[in-house]
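Just so it is clear, the structure is predicted and the values come from calculations on it, not from any experiment. Chain letters run A, B, ... following the sequence lines, proteins first, then strands; residues in each count from 1.
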Number of protein chains: 2
Amino acid sequence: MRITSSIEYATRLMTTLAREHGKAPVPSERLAESDNIPADYVSQILVKLRRAGLVDSHRGSTGGYSLSRPPSEVTLGQVVRAVDGDVFEDVCGKYDGGTKDCRHQSGCTISPVWRRLSGLITQYFESVTLAGLLAETPGECGAAPEWLEKLSGR
Amino acid sequence: MRITSSIEYATRLMTTLAREHGKAPVPSERLAESDNIPADYVSQILVKLRRAGLVDSHRGSTGGYSLSRPPSEVTLGQVVRAVDGDVFEDVCGKYDGGTKDCRHQSGCTISPVWRRLSGLITQYFESVTLAGLLAETPGECGAAPEWLEKLSGR
DNA sequence: CCAATTCTTGACCAAAAAGGTCAGGAATGC
DNA sequence: GCATTCCTGACCTTTTTGGTCAAGAATTGG
């Protein structure tokens with residue numbers, strides 16, 4: 001399991017756009033540059049974000065992209081779904097070995113576990129907004145996950 | 001993001017072995033059959049589980065595989081790590097566009113989010129044991145995730 | 001000791017997904 | 001009308017997934 005480049009890139013883009021919210025639209029080329037993403041790839045990701053209704057696009061010389069809503073109203077979940085579809089979409093029914101019935105062995109005691117995991121992830125994604133991302137304390141790339149300790153009870 | 005076949009298969013195998021714990025070793029061919037997994041693929045997965053110390057193998061005519069520990073002492077996290085490595089191993093430092101410094105844009109406010117997610121998933125995996133999997137109420141493949149509501153506070 | 005059984009190892013392969021590129025066209029603002 | 005920017009969709013390469021295969025090395029029952 002991993003974070004794909006699309007997810008990472010889309011998150012960077014949305015974060016940058018959030019910072020520019022209320023100002024002029026940002027052309028994709030500038031986004032590519034500032035977020036360190038291949039220029040031609042950026043457009044592709046922005047298209048998905050636009051189709052999901054998360055950003056607006058404007059053509060012409062003063063054109064570019066802008067958030068369609070305030071940063072506080074956009075969740076990470078929406079961003080992830082826009083570029084990657086639903087999380088753990090089709091666990092059940094895959095890997096059924098050709099037989100088309102659910103073959104999670106052992107009377108399907110496994111699938112509830114995947115479903116909970118999926119719910120857990122979805123819920124976390126939903127709890128993070130772009131506004132929250134901006135307010136995040138940067139910290140270097142090795143900081144400990146503080147609140148995690150709380151959650152785990154340790 | 002998705003559950004790979006290796007993870008799903010490994011979980012099925014371990015669940016089946018947990019059910020047979022204390023009895024005779026189960027040959028891989030029988031595991032393949034009962035868990036609906038390609039026979040040649042099963043061996044490959046079992047090798048990883050053995051190298052991780054989760055199962056024991058015995059050759060010869062009465063040979064096969066068996067759990068190396070009681071089901072209550074094996075977590076889903078151990079199984080997943082055995083076949084798939086660490087969850088979200090290297091988010092930071094990837095997608096840096098060639099520049100070898102961490103380029104999570106915007107002062108790296110993004111990486112803590114991935115790290116928390118990784119921790120959340122790891123923690124969930126750690127909380128599920130094989131014994132727990134066996135005790136799971138099967139339910140059909142669409143049951144609601146009950147305890148999730150508790151966690152979310154809703 | 002022999003033969004059947006089972007695991008072991010590592011190479012190999014095909015299909016899919018990920019990651020990225022490109023070219024031609026259509027709006028838009030100046 | 002011309003530069004700028006987005007739009008569309010095809011295309012490509014690399015990596016990962018998912019799976020196969022063959023030769024060999026233990027082990028056990030007979």
Side-chain angles (χ1 to χ4, degrees), chain A residues 1-13 17 24-33 35-52 54-66 68 80 83-85 88-91 94-98, chain B residues 1-13 17 24-33 35-52 54-66 68 80 83-86 88-91 94-98 103:
Chain A
M1 299 209 307
R2 44 195 272 276
I3 297 292
T4 63
S5 70
S6 296
I7 294 180
E8 163 70 17
Y9 290 162
T11 308
R12 281 187 210 172
L13 291 170
L17 287 178
V26 186
S28 73
E29 185 134 14
R30 192 140 70 74
L31 286 171
E33 204 173 330
D35 281 338
N36 207 22
I37 308 175
D40 287 308
Y41 199 24
V42 124
S43 326
Q44 209 172 307
I45 293 166
L46 285 166
V47 162
K48 291 186 181 176
L49 293 171
R50 179 177 54 77
R51 287 186 180 147
L54 298 177
V55 301
D56 291 329
S57 62
H58 310 275
R59 303 202 221 195
S61 32
T62 63
Y65 292 88
S66 56
S68 65
V80 170
V83 297
D84 241 35
F88 293 164
E89 201 169 357
D90 45 3
V91 183
K94 283 185 69 169
Y95 314 132
D96 57 3
Chain B
M1 299 209 307
R2 44 194 272 276
I3 297 292
T4 62
S5 71
S6 295
I7 294 179
E8 163 71 18
Y9 290 162
T11 308
R12 281 186 210 173
L13 292 171
L17 287 178
V26 186
S28 73
E29 185 133 15
R30 193 140 69 74
L31 286 171
E33 205 173 329
D35 281 338
N36 207 22
I37 308 175
D40 288 307
Y41 199 24
V42 120
S43 325
Q44 208 173 308
I45 293 166
L46 285 166
V47 162
K48 291 186 183 177
L49 293 172
R50 179 177 54 76
R51 288 187 180 147
L54 298 177
V55 302
D56 291 329
S57 62
H58 310 275
R59 303 201 223 196
S61 33
T62 63
Y65 293 88
S66 57
S68 65
V80 170
V83 297
D84 240 34
D86 270 327
F88 294 162
E89 202 169 356
D90 45 3
V91 183
K94 284 185 68 169
Y95 314 131
D96 56 5
R103 281 280 277 175

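- B:Gln44 comes within 4.0 angstrom of a base, heavy atoms only.
- At a threshold of 4.0 angstrom between heavy atoms, the contacts of A:Ser28 are confined to the sugar-phosphate backbone, with no base atom among them.
- Side-chain nitrogen and oxygen atoms of A:Arg50 include at least one within less than 4.0 Å of the OP1 or OP2 phosphate oxygen of D:dC7.
- Residue B:Ser61 places no side-chain N or O under 4.0 Å from the OP1 or OP2 atom of D:dT27.
- A close approach under 4.0 Å does not occur between any side-chain nitrogen or oxygen of A:Tyr41 and OP1 or OP2 of D:dT13.
- A:Ser6 has its side chain out of reach of A:Gln44: every pair of non-hydrogen atoms, C-beta onward, lies at least 4.5 Å apart.
- For the residue pair A:Arg12 and A:Asn36, the shortest heavy atom distance occurs at NH1-O, 3.7 Å.
- A close approach under 4.0 Å does not occur between any side-chain nitrogen or oxygen of A:Arg51 and OP1 or OP2 of D:dC6.
- Side-chain N/O atoms of B:Tyr9 include none lying less than 4.0 angstrom from OP1 or OP2 on D:dT17.
- Ranking C:dC30, D:dG29, D:dC6 by closeness to the B:Thr62 side chain, first place goes to D:dG29.
- An OP1 or OP2 oxygen of C:dT8 is reached within less than 4.0 angstrom by a side-chain nitrogen or oxygen of B:Ser57.
- Nearest-nucleotide mapping onto DNA chain C: of A:Pro38 and B:Val47, the residue sitting toward the 5' end is B:Val47.
- Residues A:Ile37 and A:Leu31 are not in side-chain contact: their nearest non-hydrogen atoms beyond the backbone lie 4.5 Å or more apart.
- Counting only heavy atoms from C-beta on, A:Arg59 has its side chain closest to D:dC6 among D:dG24, D:dC6, C:dG20.
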